[in-house]
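What follows is a set of notes on a single structure, which appears directly below.
Side chains are part of it too, since the values below use all heavy atoms of this structure and drop only hydrogens, waters and symmetry mates. Chain A is the first sequence line, chain B the second, and so forth, proteins listed ahead of strands; every chain is numbered from 1.
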Amino acid sequence: MSNKRLTRSFYVQPTLKVAQELLGKYLVRRIGKKKLFGKIVETEAYIGPQDKASHAYRGRITPRNKAEYLVGGHVYIYLVYGMYWQLNISTGKAGKPECVLIRALDSHLGKIASGPGKLCRYLKLDKSFYGEDLARSKRIWLEDRGVKIKPSQIRATKRIGIDYAGTYWANRKWRFVL
DNA sequence: GTACAGATTGAG
DNA sequence: TCAATCTGTACT
């Protein structure tokens with residue numbers, strides 16, 4: 001049985017584990033009768049409230065970031081720089097502000113969603129997906145298509161675009177690339 | 001109320 | 001290297 005939708009238990013695991021296991025999984029977006037999908041090839045972990053780069057640093061809760069506190073498997077989507085949407089997936093238990101940013105997909109159409117902003121534009125994702133449950137939604141979810149990833153295929157590097165958080169947090173190797 | 005900076009991108 | 005352009009935060 002391939003093409004298996006990921007269930008709640010997958011997302012509730014520790015965030016760094018989910019961030020790595022998401023690599024090689026497929027993100028599926030249904031628009032009417034059409035399906036867009038791509039293999040996840042780049043992720044980043046954000047683990048509030050201690051993570052200075054996280055929107056939930058020091059336990060902050062705002063209308064924008066509250067989805068980060070939902071139980072694992074919910075969409076946390078927000079606008080950066082006034083123009084680009086960022087697709088995140090909440091992880092861990094309810095009340096824990098932890099999430100994984102989906103940064104890049106390898107797409108079947110030959111188009112490469114090679115950045116978090118471009119990825120959302122390609123999949124037509126916006127605020128209407130805020131808080132969407134990936135374990136239940138009919139328009140967006142994740143599938144395990146049987147791709148096996150060896151630990152040697154995963155590269156851990158610094159996260160991108162968060163130098164403002166100071167060298168300690170900016171240098172955490174919480175970005176994972178296939 | 002005003003000021004300012006950000007989990008990015010594409011153009012110059 | 002820089003501007004586009006909106007949300008949240010830190011001020012007055």
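- Dashed line: the shortest gap from a side-chain N or O of A:Lys127 to OP1 or OP2 of C:dC6 is not under 4.0 Å.
- B:dT9 atom P lies 15 Å from atom CH2 of A:Trp85, rounded to whole Å.
- At least one side-chain nitrogen or oxygen of A:Arg103 sits closer than 4.0 Å to the OP1 or OP2 atom of B:dT8.
- When the nucleotides B:dG10, B:dT8, C:dT7 are ranked by their closest atom to the side chain of A:Pro116, B:dT8 comes out on top.
- Across all strands, A:Gln86 comes closer than 4.0 Å only to sugar-phosphate atoms, never to a base (heavy-atom distances).
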Next item on the list: Go through the steps to decide whether A:Lys25 and A:Glu21 satisfy the test salt bridge (charged side-chain N to carboxylate O under 4.0 Å, His left out), and finish with yes or no.
Entry: CA-CA 8 Å; A:Lys25 299 294 189 293; A:Glu21 294 201 350; 5.5 Å; no
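- Pair assignment for C:dT5 gives none, since no Watson-Crick or G-U wobble pairing has each distance under 3.5 Å.
- Distance, A:His55 NE2 to C:dG8 C1': 10 Å, rounded to whole Å.
- Taking the ring centre of A:Tyr46 as origin, the terminal cationic atom of A:Arg159 falls inside the region bounded by 6.0 Å and 45° from the ring axis.
- In this structure, A:Tyr76 atom OH and C:dT7 atom C1' are separated by 10 Å, rounded to whole Å.
- For A:Trp169 and B:dG6, the CH2 to P distance is 19 Å, given to the nearest whole Å.
- Between A:Arg175 and A:Glu42 there is a salt bridge, with a side-chain nitrogen of the basic residue lying less than 4.0 Å from a carboxylate oxygen of the acidic one.
- Rounded to whole Å, the separation between the C1' atoms of B:dG10 and C:dT7 comes to 23 Å.
- Nucleotide B:dT8 holds its P atom 10 Å from the CG atom of A:Asp163, rounded to whole Å.
- Nucleic acid contact for A:Asn88: base, since at least one base atom lies under 4.0 Å from a heavy atom of the residue.
- The A:Leu79 side chain lies nearest to C:dC6 when the options are C:dT9, C:dC6, B:dG10.
- Residue A:Arg60 contributes atom CZ, which lies 12 Å from atom P of B:dG6 at whole-angstrom precision.
- Across all non-hydrogen atoms, the minimal contact from A:Leu22 to A:Phe10 is CD2-CE2, 3.7 Å.
- Counting only heavy atoms from C-beta on, A:Met83 has its side chain closest to C:dA4 among C:dC6, B:dT8, C:dA4.
- One atom, OH of A:Tyr130, and another, P of C:dT7, lie 13 Å apart when rounded to the nearest Å.
- A cation-pi geometry, defined here as NZ or CZ lying under 6.0 Å from the six-membered ring centre and within 45° of its normal, does not hold between A:Lys66 and A:Tyr69.
- Side-chain proximity of A:Tyr81 to the nucleotides C:dT7, B:dT8, C:dT9 is greatest for B:dT8.
- Distance from the side chain of A:Tyr84 is smallest for B:dT9 among the nucleotides B:dT9, C:dT9, C:dT7.
- Atom NZ of A:Lys52 and atom C1' of B:dG6 are 14 Å apart (whole Å).
- Ion pair A:Glu98/A:Lys93 not flagged as a salt bridge, since none of the NZ, NE, NH1 or NH2 atoms sits closer than 4.0 Å to an Asp/Glu carboxylate oxygen.
- Within 4.0 Å of A:Arg121, counting heavy atoms only, lie sugar-phosphate atoms of the nucleic acid but no base atom.
- Contact check, A:Arg64 against B:dG6: no side-chain N or O comes under 4.0 Å of OP1 or OP2.
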